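Below: one structure in structure tokens.
Keep in mind it's a predicted model, so treat the numbers as computed, not measured. By convention here, the first residue in the shown sequence is residue 1.
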Amino acid sequence: MAKDIENFDDEEMDESAQDFFDEEGGEENGQPIVRDYSERRVLIWEEDDARRNACLEVLSDLLVGATIKAVKTEAEATEQIENDDWDTFVVDFYTEGVSSSDFIKSVNNYPGSILVALSMGPLTLPDERDPAKTELLRRMFDMDRPSAQLHG
């Protein structure tokens, strides 16, 4: 249903939207919300050195306490899946061949994992310190860690 534009009150906010902002706001009682990512284990696969380093820097700054590792090749990424437990995988689907790679097939079969697809090209730390961008990016990583055992 469309809003009545002539009688529009820009102070009016849908109740569900207000609840969202109340819960997800940047501060609570005047204090910044402290988030603990120490249980998170994030693996980044990006072949381009500059993009990989930028992504690692941005995510390390954003996900304080998380274990984050960045690798260059699909073989390194696959080796990490075989040798360690990860709950989140970060890739750039704009990179040719990534979406159809064996690594992505492995990730899709990895129990309880989260696959985050980012365009790493424009990723820079100064931009990601902008609260609007930071909040959107951070939400991609705020899913609860899966409770299922990752490796048997």
Side-chain angles (χ1 to χ4, degrees), residues 10 13-14 16-152:
D10 64 351
M13 183 181 290
D14 179 274
S16 63
Q18 184 64 48
D19 291 344
F20 174 80
F21 284 107
D22 288 344
E23 292 172 11
E24 295 292 328
E27 295 186 0
E28 187 174 291
N29 298 326
Q31 299 295 320
I33 296 173
V34 177
R35 293 178 173 87
D36 179 16
Y37 294 100
S38 60
E39 298 289 320
R40 300 302 300 270
R41 297 188 47 79
V42 180
L43 179 63
I44 302 165
W45 169 34
E46 171 58 50
E47 293 180 355
D48 181 87
D49 293 336
R51 290 180 179 185
R52 183 178 59 257
N53 291 335
C55 185
L56 178 61
E57 184 176 355
V58 168
L59 293 184
S60 296
D61 191 58
L62 187 66
L63 307 175
V64 176
T67 299
I68 304 173
K69 181 163 187 152
V71 296
K72 182 174 183 157
T73 67
E74 181 179 5
E76 290 174 303
T78 301
E79 181 181 328
Q80 287 299 314
I81 286 179
E82 294 170 359
N83 295 330
D84 216 340
D85 291 335
W86 303 96
D87 56 61
T88 307
F89 301 93
V90 178
V91 297
D92 186 343
F93 279 147
Y94 286 117
T95 303
E96 187 177 331
V98 169
S99 62
S100 62
S101 69
D102 288 335
F103 173 74
I104 295 300
K105 291 174 188 169
S106 296
V107 167
N108 285 331
N109 291 314
Y110 198 90
S113 68
I114 299 167
L115 177 60
V116 177
L118 293 177
S119 175
M120 295 185 203
L123 212 53
T124 62
L125 194 56
D127 286 343
E128 298 310 320
R129 286 197 171 127
D130 172 6
K133 289 184 178 183
T134 300
E135 183 63 17
L136 293 174
L137 182 58
R138 184 192 54 74
R139 285 184 190 170
M140 296 176 81
F141 295 89
D142 271 357
M143 297 181 74
D144 290 333
R145 182 181 169 146
S147 59
Q149 183 178 5
L150 297 179
H151 285 280

Problem set entry | Donor-acceptor contact below 3.5 Å, side chain Asn83 vs main chain Glu79 | yes

For this session: Taking all heavy atoms of Arg40 and all of Asp87, pick out the closest pair and write down the distance.
Result: NE-OD1, 3.0 Å

Problem set entry | Heavy-atom closest contact (Leu118 atom, Cys55 atom, distance) | CD1-SG, 4.4 Å

Seminar exercise, completed: The side-chain hydrogen bond (donor to acceptor under 3.5 Å, both in side chains) partners of Lys69 (sequence neighbours excluded) come to none

Problem set entry | Straight-line distance of Asp61 CG to Leu56 CG, nearest 0.5 Å | 11.0 Å

Seminar exercise, completed: Contacts of Asp49 meeting side-chain hydrogen bond (donor to acceptor under 3.5 Å, both in side chains) (sequence neighbours excluded), chain-then-number -> Arg52, Lys72

Exercise. Once you round to the nearest 0.5 Å, how far does OG of Ser113 lie from CZ of Arg41?
Worked result: 14.0 Å

Problem set entry | Derivation and outcome, side-chain contact (heavy atoms from CB on, under 4.5 Å), residues Asp85 and Tyr110 | CA-CA 10 Å; Asp85 291 335; Tyr110 198 90; 4.0 Å; yes

Problem set entry | Listed partners of Thr73 passing side-chain hydrogen bond (donor to acceptor under 3.5 Å, both in side chains), at least two apart | Glu76

Problem set entry | Minimum heavy-atom distance Phe89-Val107, with the two atoms named | CD1-CG1, 3.6 Å

Exercise. Residues two or more places apart in sequence or in another chain: which of them pass side-chain contact (heavy atoms from CB on, under 4.5 Å) with Phe93?
Worked result: Val91, Val98, Ser99, Ile104, Leu115, Ala117

Exercise. Partners of Ser100 by side-chain hydrogen bond (donor to acceptor under 3.5 Å, both in side chains), sequence neighbours excluded?
Worked result: none

Exercise. What is the minimum heavy-atom distance between Leu62 and Tyr37, and which atoms define it?
Worked result: O-CE1, 3.9 Å

Problem set entry | Pairwise distance OG(Ser60) to CD1(Ile44) - rounded to 0.5 angstrom | 7.0 Å

For this session: Using the side-chain contact (heavy atoms from CB on, under 4.5 Å) rule, take Asp102 and Thr78 through it: C-alpha gap first, then chi angles, then the decisive distance, then the call.
Result: CA-CA 8 Å; Asp102 288 335; Thr78 301; 5.8 Å; no

Problem set entry | Taking every non-hydrogen atom, the tightest pair across Leu43 and Gln80 | CD2-CB, 3.7 Å

Exercise. Side chain of Glu46, backbone of Asp92: donor and acceptor closer than 3.5 Å?
Worked result: no

For this session: Determine which pairs satisfy ring pair (Phe, Tyr, Trp, His ring centres under 6.0 Å) with at least one residue from residues 41-61, sequence neighbours left out, and list them in order.
Result: Trp45-Phe103

